[in-house]
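In what follows, chains are A, B, ... by sequence order, proteins preceding strands, each numbered from 1. We use all heavy atoms of the structure for the numbers below, so side chains are in, but hydrogens, waters and symmetry mates are not. The model shown is predicted, which means the values in this text are computed figures rather than measured ones.
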There are 2 protein chains.
Amino acid sequence: MIRLLLADDQALVRGALAALLDLETDLTVVAQVGRGDEVLAAARESGAEVCLLDIEMPGLTGLEVAEQLRAELPGVRSLIVTTFGRPGYVRRALDAGAAGFVVKDTPARELADAVRRVHAGLRVVDPGLAAESLMAGPSPLTVREAEILRLALDGSPVAAIARAAHLSQGTVRNHLSAAIGKTGASTRAEAARVAQSRGWL
Amino acid sequence: MIRLLLADDQALVRGALAALLDLETDLTVVAQVGRGDEVLAAARESGAEVCLLDIEMPGLTGLEVAEQLRAELPGVRSLIVTTFGRPGYVRRALDAGAAGFVVKDTPARELADAVRRVHAGLRVVDPGLAAESLMAGPSPLTVREAEILRLALDGSPVAAIARAAHLSQGTVRNHLSAAIGKTGASTRAEAARVAQSRGWL
DNA sequence: ACCTGGGGGTGACACCTGTCATGGTGCGCC
DNA sequence: GGCGCACCATGACAGGTGTCACCCCCAGGT
């Protein structure tokens, strides 16, 4: 009997996944949480063997949680289950110690198999996604450029970004200009979208 | 036995919801689709009584599908099940003929009840969401302003928006300026986010 | 017939943005 | 030390953006 922990911020999806996985005779859901920062304690307490982690959660992201689990509970395996198959996410997930990466529009019947393979010590990554991830390569953005781009994601004016980053407006514009060049975009909004879609942020 | 149709673009979520709802002895899932434009045919063929519709789907949005169902299959009831509890969505959903509106982070156990109530001819709307929806009021944006704002959502430059809308740049800027005023924003990016978050687009 | 309001447009102005040149600092590395 | 590179900053310039005044047309209301 493989013991599972589910982490997803949408209660309905969480509950539905639990119902789906509990139908399998060799799987049992022993814990459910809705926040990233509650996973570690719940995993410890419940004795989960595999953690299914959404990436976008309040508290901590699934990627951060995977890292935490590798450090604190090395016996527990992480399987990232997310909406977005961004190339960079796959790389970062594996770097963070995740054992698998599954997109939320894979067929439901395959999820249980992915869990079993991860539990058996194998790596599970959507093949098409893995290829895309290799093609895209690592992020060309420097740390500061990525930081500035993150602040520019919602379309804030340069002045606001400069305040938030404690930088001069000129410096912010230079970083943005560099990011625009590296992403092949022509406005910072486009650059932010491109970087976001490749998982560079 | 209440016959259900599930429409959600994420196969995993769709399958999981099916598993969850099939556990109920008085409910049965008779059809599942991943696109908005496949709902009508599937509903006809399967003889579904209640359709659970996600809003954001390829093909048609859940709101458009609800409208379609009301017109073509008046006996079938629609229940919107969505990630985003945007105030304007509730109003538009009810205007479109939906019988209920549920957010994806309501507890899983409540979903079956919502389905039963909708099937019984009742309206089901999250109380907090309903209140928020009344507070926010209807959209102050004119049709064109909303259309232009939609095109501005991704941060495209005015020139691109003007081309896409077959308008002069001056007119686009006038519409955007009006939208910025009405949303209380100070840039078109902020205006677009505000309008989006209120379901005005 | 008159007024009102949405839609489309122009022109002008102040301000914001993207780009580039240039300079300085600190860090790791051969 | 000298080199490259990330980082921070300033100044200048072209072009994009937000605002405003003012124009036209047309559909509804009164």
More than 12 heavy atoms of other residues, nucleotides or ligands under 6.0 Å from CZ of B:Arg44: is that the case? yes
Is the shortest side-chain N/O distance from B:His175 to OP1 or OP2 of C:dG7 below 4.0 Å? no
Using a cut-off of 4.0 Å on non-hydrogen atoms, how would the nucleic acid contact of B:Ser168 be classed: base, sugar-phosphate, or nothing? sugar-phosphate
Indicate yes or no for a side-chain donor-acceptor contact from B:Arg193 to the backbone of A:Asp154 under 3.5 Å, with no hydrogens or angles considered. yes
Under 4.0 angstrom, heavy atoms only, what part of the nucleic acid is A:Thr142 near: base, sugar-phosphate, or nothing? sugar-phosphate
So, OP1 or OP2 of C:dG6: does either fall under 4.0 Å of a side-chain N or O from B:Arg144? no
Residue B:Ser177, side-chain heavy atoms: nucleotide from D:dT19, C:dT17, D:dC7 that is nearest: D:dT19
Look at all strands and tell whether B:Arg173 reaches a base, only sugar-phosphate, or nothing, counting heavy atoms closer than 4.0 Å. base
side-chain hydrogen bond (donor to acceptor under 3.5 Å, both in side chains): which pairs involve residues 75-86 of chain B, sequence neighbours left out? A:Gln10-B:Thr83, B:Arg86-B:Tyr89
Grab the CD-P distance between B:Glu190 and D:dG18 for me, whole Å please. 11 Å
Using a distance-only criterion (donor-acceptor N/O pair, under 3.5 Å, no hydrogens), is the base of D:dC7 paired with the side chain of A:Asn174? no
If you assign B:Thr187 and B:Val143 each to the DNA chain C nucleotide with the nearest heavy atom, which residue ends up on the more 5' nucleotide? B:Val143
Specify the separation, in whole Å, of atom CD1 of B:Ile180 and atom C1' of C:dC16. 12 Å
Can you tell me if the side-chain N/O atoms of B:Thr171 get under 4.0 Å from OP1 or OP2 in C:dG9? yes
Listed by chain and number, what are the side chain to side chain contact (heavy atoms under 4.5 Å, CB included) partners of B:Ala48, not counting sequence neighbours? B:Leu5, B:Val30, B:Ser46
